[in-house]
Protein chains: 2
Amino acid sequence: MREGPDLSRVAALVGDPARANMLSALMGGTALTASELALEAGVSLPTASSHLAKLCDGGLVRVAAQGRHRYFALAGTQVALMIEAISGVAEAVGPQRTRPGPRDKAMREARVCYDHLAGERGVALFDHLLARGLLVEDAERLAPSDAGRHWFEALDIDVGALRQARRPMCRACLDWSVRRSHLSGSLGAAMLDTITTRGWARRDKNSRAVVFTPTGRRAFEQLLAD
Amino acid sequence: MREGPDLSRVAALVGDPARANMLSALMGGTALTASELALEAGVSLPTASSHLAKLCDGGLVRVAAQGRHRYFALAGTQVALMIEAISGVAEAVGPQRTRPGPRDKAMREARVCYDHLAGERGVALFDHLLARGLLVEDAERLAPSDAGRHWFEALDIDVGALRQARRPMCRACLDWSVRRSHLSGSLGAAMLDTITTRGWARRDKNSRAVVFTPTGRRAFEQLLAD
DNA sequence: ATCATGGTTCGATGGTAGTCGAAGCGTTGT
DNA sequence: ACAACGCTTCGACTACCATCGAACCATGAT
């Protein structure tokens, strides 16, 4: 009989297969409509609607009405972080997971985590930033150093502008496949944006995987090489 | 219809109030018997037994038989990390949480997270270690520097011995109350051990709270002051 | 041997939540 | 205005699962 935040209430929301599938789909970062999510979860539209209402009510998902469409998205990075953490144990204890299919391999290599890059490449990036002192943890929080600011600006990422936003700029997000941290926050989002707009990689249509082009891969490795 | 680890299966395990209470109790780090957990969860013994069987089966909890007792404990730090992450969103979205009672305040200040120190003090410790360069993140992982090794050894913590163990020594664990990282892993466990055996603080009987004695508090702050 | 204690299994019960078809409601386009 | 579309609400059905009392199994003590 202990108090503290009500774990079971939010865990139960994730505990239904249909809802879990929806949340997984939303981990892609793009907002989706109810019909898309129904398809993704493999349930009928009414069922999906009911689930989405619960997710909204529970605070895990936010909705934005646009015309006759309603776009659903994760409520925030903290929710994404929780999903990753749950994925971590699911991965660890999963008795199944027999053959790690090809798409699974791609997911391990690079994937979208809500709005930033995760997987081996995401971790490699984060490691590099820390190792080179481009990102430093001062007493208060993780932030780019002066050198880091230049590094990002060389990629056309305006650190100053990001700093203004109320959204946290840097955050460490634990990776379920590699079990190490990668860069989250608005800076992480900007990095992913850079990677895709420069054509270094493209999003897989049917999964969270991020597949690098050969040249994009080289460019990215070059970035971490010096 | 996406694959990936089966979120809902493990989330559903946490999604039942009785099981969630048990897991919360086990976050204290000490192994508990089935009867104790039944009491903690507010259910009858048969019910608790059934739940525990499911938790074991699901890989969230491990059991050790000792005579006619059976001691249950969390399966590992990764599970603890997940519980903290879920607590985080529960805390954030929780519409209730009206008055943060006195015990709640103590929990925010310092508490046990599985086997190490969490809460404001845990975060303060972690910040200090990073800020002073006692803990550094090299390319591979977080580890104490030479200076850090001396710092720990001054507290009678044998870093070398911990390094031998197969259990990861350093790990950053996200704090649900402060939303920043604190020290986990065997080194974190050793720190908590030091704090309690030196009489700086004692465990609250009925919660995860860690209450510092006046002198212990001073000693701890001294440790982070230089 | 006999009894007490800690724990699991069984069976029956009840509640709750997921599911879908059909109908209802806005919004958009023609 | 009317039709098409996206989505929600309603109602009914079903299935699962948490719950507990009672019986059952161990282990340890007398």
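Throughout, a chain's letter reflects where its sequence line sits, starting with A, and its residues are numbered from 1. The model shown is predicted, which means the values in this text are computed figures rather than measured ones.
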The side-chain contact (heavy atoms from CB on, under 4.5 Å) partners of B:T30 (sequence neighbours excluded) come to B:L32, B:R203
A:M22 CE to C:dG18 C1', in whole Å, measures 12 Å
Under 3.5 Å, side chain of A:R208 to main-chain N/O of A:S24, donor-acceptor pair present? no
A:R70 side chain N/O closer than 4.0 Å to the phosphate oxygens (OP1, OP2) of C:dG26? no
From CG of A:N21 across to P of C:dG18 the rounded distance in Å is 14 Å
Going 5' to 3' through nucleotides 11-20 of chain D and flagging B where a protein heavy-atom sits under 4.0 Å of the base, S where only the sugar-phosphate is that close, and - otherwise, we get -------SSB
In whole angstroms, the gap separating P of D:dG6 from CG of A:L52 amounts to 16 Å
Sequence neighbours excluded, the answer for side-chain contact (heavy atoms from CB on, under 4.5 Å) partners of A:R217 is A:E109, A:R121, A:F212, A:E221
Just list the side-chain donor-acceptor pairs under 3.5 Å for residues 54-65 of chain B, sequence neighbours left out, or say none.
none

Residue set satisfying side-chain contact (heavy atoms from CB on, under 4.5 Å) with B:R202, at least two apart, ordered chain then number -> B:V211
Residues at least two apart in sequence or cross-chain that pass side-chain contact (heavy atoms from CB on, under 4.5 Å) with B:L129, listed by chain then number, are B:L125, B:L134, B:L135, B:W151, B:F152, B:L183
Sorted by position of nearest nucleotide on DNA chain D, 5' first, the leading residue of A:H69 and A:A53 is A:H69
A:L32 CG to D:dG6 P, in whole Å, measures 15 Å
Separation of D:dT8 atom C1' from A:D57 atom CG, nearest Å, is 15 Å
